[in-house]
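This report concerns only the one structure given below.
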Amino acid sequence: MSEPPAAEPAEPAATDDPQRFRLLLVPGVVPASWVRTWRERVADVPLELVHAPAADAGAVLARGEADAALLRLPVDRDVLSAIPLYVETTVVVLPKDHVLTALDEVAPDDLAEETLITPADDVLRWPDAPGEPSLLPPPATTEEAVALVASGVGLLLVPQSLARLHHRKDLTYRPLTDAPGSQAALAWLAARDGDPLVEELIGIVRGRTVNSSRGRGAAGSARAGTDRADASTGRSGGSGKGAAGKAATGRGATGKGGAATRGGRPSFGSGGGRGRAGGGRPGSSRGRKGR
């Protein structure tokens, strides 16, 4: 009996999908200004936003399910590269009729007799937080913890962006002095260090101008700048060595080290904003501990 013919190798899958860049976001991070800048500078590569819980963000990125992530530190530095962006202010979420709402900001001592709820997805990781830990089972998510605060069984400590994300009409929040902050960062696979699209995103979140970017647009911008310089010196049409040529090559508004080559200041996209550099209640000598 003759053997059946060997199966031919399968054809490789079609790769007609357009190039895209997937940016992972954890809850509370709002990168609106960075997304706008990407779409202006890298119009041919769509930026796709994907979401993951804070605890899973590093693993999702490591599995290659996103190209970069705006997440909260720490991350596995053996697998991921990361640059810190900003530290969020820590706040106390409490009912609107709570006695502590009379304060503009709360100190740890003010929480000594309060019950604190810590969800399983807590991002502050404050082992010696003030107050008394709740005797209830830890809620699975910050959203569930906020609901418990509304029921009057305790208070919650979170980054300000999460307090805003889970806002309720019956709750409010106050800044907490002398508390650890949550460090936001841009992260990507270490194996992709130097990738032009990753460099483009790094330049955007760091506030670099198009001319100072190290990403894909840098070479094109440099060529365009050279073409404009050639035109202004008359190289494309004449000798450019006359008085007009000398005037064109003199130092102008974009002279040596001009503003056109300088990076701008970072445009922070998170709803939490930058944490305060110092603290303490007005009129108080109590300051924020150094980090």
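As the structure is a prediction and not an experimental result, all values here were calculated from the model.
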Nearest 0.5 angstrom please: [X] [atom1] to [Y] [atom2], how far?
X      : Y      : atom1 : atom2 : result
Glu200 : Leu47  : CD    : CG    : 11.5 Å
Glu199 : Ile204 : CD    : CD1   : 11.5 Å
Thr37  : Arg208 : OG1   : CZ    : 13.5 Å
Glu105 : Leu100 : CD    : CG    : 12.5 Å
Thr172 : Asp97  : OG1   : CG    : 11.0 Å
Leu70  : Leu49  : CG    : CG    : 9.0 Å

Nearest heavy-atom neighbours spanning [X] and [Y]:
X      : Y      : answer
Pro175 : Thr89  : CB-CG2, 4.3 Å
Ile117 : Ala145 : CG2-CB, 4.0 Å
Val79  : Ala62  : CG1-CB, 3.9 Å
Asp170 : Ala150 : OD2-CB, 3.6 Å
Leu155 : Pro95  : CD2-CD, 3.9 Å
Ala52  : Val60  : CB-CG2, 4.2 Å

So, the side chain of [X] versus the backbone of [Y]: is there a donor-acceptor pair under 3.5 Å, distance only?
X      : Y      : result
Glu144 : Ala140 : yes
Trp38  : Val45  : yes
Asp56  : Pro53  : no
Arg72  : Val123 : no
Arg174 : Val91  : no
Thr90  : Pro180 : yes
Ser81  : Arg77  : no

- Task: Apply side chain to side chain contact (heavy atoms under 4.5 Å, CB included) to the pair Lys96 and Leu171, showing each step before the final yes or no.
- Result: CA-CA 5 Å; Lys96 280 189 172 181; Leu171 298 179; 5.7 Å; no
Do [X] and [Y] share a hydrophobic cluster, counting only Ile, Leu, Val, Met, Phe, Trp and Tyr and linking them when any side-chain heavy atoms are less than 4.5 Å apart?
X      : Y      : value
Leu136 : Leu111 : no
Leu186 : Val198 : yes
Leu162 : Val26  : no
Tyr173 : Val87  : no
Leu85  : Leu165 : no

Minimum side-chain heavy-atom gap [X]-[Y] below 4.5 Å:
X      : Y      : answer
Leu24  : His51  : no
Pro139 : Asp121 : no
Asp178 : Pro108 : yes
Val42  : Leu197 : yes
Val205 : Ile83  : yes

- How far apart are the C-alpha atoms of Asp110 and Leu103, what are their side-chain angles, what is the distance that settles it, and do they pass the side chain to side chain contact (heavy atoms under 4.5 Å, CB included) test? CA-CA 10 Å; Asp110 297 321; Leu103 302 175; 3.6 Å; yes
- Task: Show your working on side chain to side chain contact (heavy atoms under 4.5 Å, CB included) between Leu94 and Thr101 and close with a plain yes or no.
- Result: CA-CA 8 Å; Leu94 65 170; Thr101 58; 3.8 Å; yes
- Item | Flag for Ser182-Glu88: side-chain donor and acceptor within less than 3.5 Å | no
- Query: If you look only at pairs with a residue in residues 126-137, which of them pass as a side chain to side chain donor-acceptor pair (under 3.5 Å), with sequence neighbours excluded?
  - Reply: Trp126-Asp128
- Mind checking side-chain hydrogen bond (donor to acceptor under 3.5 Å, both in side chains) for Arg192 and listing every partner two or more places apart, or none if nothing turns up? Asp67, Asp195
- side-chain hydrogen bond (donor to acceptor under 3.5 Å, both in side chains) involving Gln183 - partner list, sequence neighbours excluded: none
- Matching residue for Glu48 among Arg22, Arg39, Arg20 - test: salt bridge (Lys or Arg N to Asp or Glu O under 4.0 Å): Arg20
- CA sep, side-chain torsions, deciding dist, call: Leu71, Val75, side chain to side chain contact (heavy atoms under 4.5 Å, CB included): CA-CA 9 Å; Leu71 43 66; Val75 297; 3.6 Å; yes
- Task: With Val93 as reference, evaluate Thr142, Val149, Leu157 under the side-chain contact (heavy atoms from CB on, under 4.5 Å) test and give the passing residue.
- Result: Val149
